[in-house]
Amino acid sequence: MRNALRKISNGLNLGMDKVLPDAIVLAFILTFITFVMGIILTDSSPLDMIVYWGSGFWGFLSFSMQMAMIIATGYIVAEAPPVKRGLVKLCKIPKNCIQGVIFIAIASAVLGWISWGLGLVAGAILARSVALNLRNVDFKLYVAVAYTGAITTGLFGISGSEFLLVNTPGYFMEDMLGLIPLSETVFEPSLLIAQFIGLIVVVPLIAALIHTDPKDTPEMDQATLDRFLEQEKAVLEMKKNHKSKSEMTFAERVDNSPVTTMIIGLGGLIYLVYWFSTQGFNLTLDIMNFLLLTIGIIGHGSPRNLLNACEEGVRSAYGVLIQFPFYAGIQGMMGSSGLVALIANAFATNSTAASFPYLCYFCMAVINFFIPSSGGIFMVAGPALGQAALDLGVDANKFLISFTAGETISNIIQPFWAIPLLGIAGLKMKDIMGYCIVFFVLLTAIFFGTWAVMW
C-alpha cells in the first residue's frame, strides 16, 4: 500500500509540475472560459458578459478586505513573540520526518479550526520550522498537509465565513433559511466526526505512508534551505543591531514603547468581553478579525514590532488582493448571466432528499473553481441551491454543511487560498498539487461515508 501511494502521489506531482500554470494565469483562463460559457449557454451577448464582468469586478471589496485581514491578522498572531516561541518549542517535538509530517497535519488542522488565516500562516511556519530542525524531510509533502489541514478545518471551524454569516441577523437569505446557530453547523456532530476521522486520523496516517523512510530521505532542496537560513540570519541581524534606549530619539522611544499597545490592547479586550457577554458566542468575521488583531497588538508589545509583522502579513495577502477582483468579475458574469443557476439546477433537477447533499457537494466543487470565495460563492449559488434543498425537505443546516463541504474540500485543489501559505514556504501550487489531489479524494470519501451513516 505504501509503495502504491508513493507512486500515485509522485506521478501526480510530476504531471502537475508540467501542466499547471501560475494561480493568476488560472484566474485569467477561468475568466475566459466563463465568458465563452455565458455566450453559449445563456442569452447574454459578448458585450453583456463584459459588462457583467466589469460590474462585478469591485463588487465585493468589503468582503475582500475581511479576507485579507483574516490572513494578515493570522500572520500577526503567529509572529507575536510569545506565540512564535510556543511554535518553536512545539516544532522540537518531532524527532524524525515521519513524526514531523504527522505533527504538522494535526497542528495545522487544529489551528485552522480556530482561524483559517492563522492556520494557513502558522501551518507554513510550522512546516518551515520542523523542516529546518530535521533537514531530511519531504518539504513539499509538509506544505501539502499544512494546507490541507488549515484550509479544510478553517472553513468548517469558528472562522468559517458561511457558518458565521447565517448566524448573523439580517443576512441576505434569512427569509429563506432563517438564522442557523453554530450548534447546528460548526458543532454539528457529523461534521465534527468527519473532520476528526479525516484530518486528525486519516490524512496524517496517509501522509506518513507517503513519506519516504527516515533513513532514505534526502535533505530538502538546497535552494529552499538556503533561502530559509538567510531569512533566519536577517532576523538575528535585526535583533543584533537594535538600538539601546539611550541611542533612540524621542520618536523612536515612543515607537518602541509598549505603553500605547497595552492601552489599545486593554481597550480591545474590554470590548471583546462586552461583545461575548451581550451577544453570546457570536463570532462574526469582523469580531474574529478584531480578536486576532487584539491578540497581535498585545503579543507584539510595541507599535514598531506590530508594524513589522503587519508588513509581512499584508505581503502574504497580496495574492488575494490581486486575484480576488478577477474572481469577483467571474462571479459577476456567472451570477448576472444566469450560469450559476443553470449549473445549480442541472445538479438539483433529478435530486432526492437523500441524494441532494452529495450532488450539492459536487456542484459546489465545480463552481468553486470559478468563484473560490466562501462568502461570495454563497451569495451567488446559495439562493438557487437553498430553495432546491427546502423544496426537497432537506434541513437547512444539512444543506449548508454539504454546500460548504463541496467548496471547502475542493479548495485543497484550488490554488487561490494556497497563495499566502505557498508564499511563506517559497513553493508553487504545482509543487504540492499531486499530494493535494490524494487528500481531496480521501476526504471526499470520508465525508460521504459519514453522511451516509449519520444522515
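We count residues from 1, following the sequence as given.
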- Message: The test is side-chain contact (heavy atoms from CB on, under 4.5 Å); show your working for Phe370 and Leu339 and say whether it passes.
- Response: CA-CA 11 Å; Phe370 296 88; Leu339 271 175; over 6 Å; no

To the nearest 0.5 angstrom, please state how far the [atom1] atom of [X] sits from the [atom2] atom of [Y].
{"X": "Asp255", "Y": "Asn305", "atom1": "CG", "atom2": "CG", "answer": "10.5 Å"}
{"X": "Leu165", "Y": "Glu162", "atom1": "CG", "atom2": "CD", "answer": "8.0 Å"}
{"X": "Trp417", "Y": "Met429", "atom1": "CH2", "atom2": "CE", "answer": "13.5 Å"}
{"X": "Leu141", "Y": "Phe439", "atom1": "CG", "atom2": "CZ", "answer": "5.5 Å"}
{"X": "Leu385", "Y": "Cys360", "atom1": "CG", "atom2": "SG", "answer": "5.0 Å"}
{"X": "Ile33", "Y": "Leu26", "atom1": "CD1", "atom2": "CG", "answer": "8.0 Å"}

Quick check against the 3.5 Å criterion: does [X] have a side-chain atom that pairs as donor or acceptor with the backbone of [Y]?
{"X": "Asn133", "Y": "Lys92", "answer": "no"}
{"X": "Ser108", "Y": "Ala105", "answer": "yes"}
{"X": "Tyr142", "Y": "Cys97", "answer": "yes"}
{"X": "Gln331", "Y": "Tyr327", "answer": "no"}
{"X": "Asn411", "Y": "Gln414", "answer": "no"}
{"X": "Asn397", "Y": "Glu184", "answer": "yes"}
{"X": "Thr404", "Y": "Ile401", "answer": "no"}
{"X": "Asp431", "Y": "Lys428", "answer": "yes"}
{"X": "Thr148", "Y": "Ala144", "answer": "yes"}
{"X": "Asp213", "Y": "Lys215", "answer": "no"}

Over 12 foreign heavy atoms within 6.0 Å of [atom1], [X]:
{"X": "Lys398", "atom1": "NZ", "answer": "yes"}
{"X": "Met65", "atom1": "CE", "answer": "no"}
{"X": "Trp113", "atom1": "CH2", "answer": "yes"}
{"X": "Ile264", "atom1": "CD1", "answer": "no"}
{"X": "Phe448", "atom1": "CZ", "answer": "yes"}
{"X": "Ile322", "atom1": "CD1", "answer": "no"}

For the residue pair [X] and [Y], establish whether any side-chain heavy-atom pair is separated by less than 4.5 Å.
{"X": "Ile206", "Y": "Val202", "result": "yes"}
{"X": "Thr185", "Y": "Leu191", "result": "no"}
{"X": "Ile270", "Y": "Tyr274", "result": "no"}
{"X": "Lys140", "Y": "Leu427", "result": "yes"}
{"X": "Ser115", "Y": "Met288", "result": "yes"}
{"X": "Phe347", "Y": "Phe362", "result": "yes"}
{"X": "Asn96", "Y": "Leu134", "result": "no"}
{"X": "Cys363", "Y": "Ile343", "result": "yes"}

- Candidate pair Thr31 and Phe35, rule side-chain contact (heavy atoms from CB on, under 4.5 Å), full reasoning: CA-CA 6 Å; Thr31 298; Phe35 176 79; 5.6 Å; no

Which atom pair, heavy atoms only, marks the closest approach of [X] to [Y]?
{"X": "Ser402", "Y": "Pro357", "answer": "CB-O, 3.5 Å"}
{"X": "Pro82", "Y": "Gly299", "answer": "CD-O, 3.3 Å"}
{"X": "Met262", "Y": "Gly301", "answer": "CE-CA, 4.3 Å"}
{"X": "Thr294", "Y": "Gly265", "answer": "CG2-O, 3.7 Å"}
{"X": "Met364", "Y": "Ser410", "answer": "O-OG, 4.4 Å"}
{"X": "Gly198", "Y": "Ile446", "answer": "CA-CD1, 3.6 Å"}

- Task: Show the numbers, then the answer: is there a ring-ring contact (aromatic ring centres under 6.0 Å, His included) between Tyr361 and Phe403?
- Result: CA-CA 6 Å; Tyr361 177 98; Phe403 183 103; over 10 Å; no

- How far apart are the C-alpha atoms of Tyr147 and Tyr435, what are their side-chain angles, what is the distance that settles it, and do they pass the ring-ring contact (aromatic ring centres under 6.0 Å, His included) test? CA-CA 11 Å; Tyr147 179 55; Tyr435 296 132; over 10 Å; no

- Message: For a side-chain contact (heavy atoms from CB on, under 4.5 Å) check, start with the C-alpha distance between Leu126 and Phe103, then their side-chain angles and the critical distance, and finish with the verdict.
- Response: CA-CA 9 Å; Leu126 286 173; Phe103 169 77; 4.1 Å; yes

- Task: Starting from the C-alpha separation in whole Å, work towards a yes-or-no answer on side-chain hydrogen bond (donor to acceptor under 3.5 Å, both in side chains) for Thr450 and Ser190.
- Result: CA-CA 7 Å; Thr450 304; Ser190 68; over 6 Å; no

- Looking at Ile297, Ile298, Leu291, which one forms a side chain to side chain contact (heavy atoms under 4.5 Å, CB included) with Ile295?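 By the side chain to side chain contact (heavy atoms under 4.5 Å, CB included) criterion, Ile295 pairs with just one of Ile297, Ile298, Leu291: Leu291.
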
- Query: Do Phe156 and Phe447 have ring centroids that are under 6.0 Å from one another?
  - Reply: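 Close enough - the centres of the two rings lie under 6.0 Å apart.
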
- What do the steps show when you test Val137 against His211 for side-chain contact (heavy atoms from CB on, under 4.5 Å), and what is the final call? CA-CA 8 Å; Val137 301; His211 202 293; 4.3 Å; yes

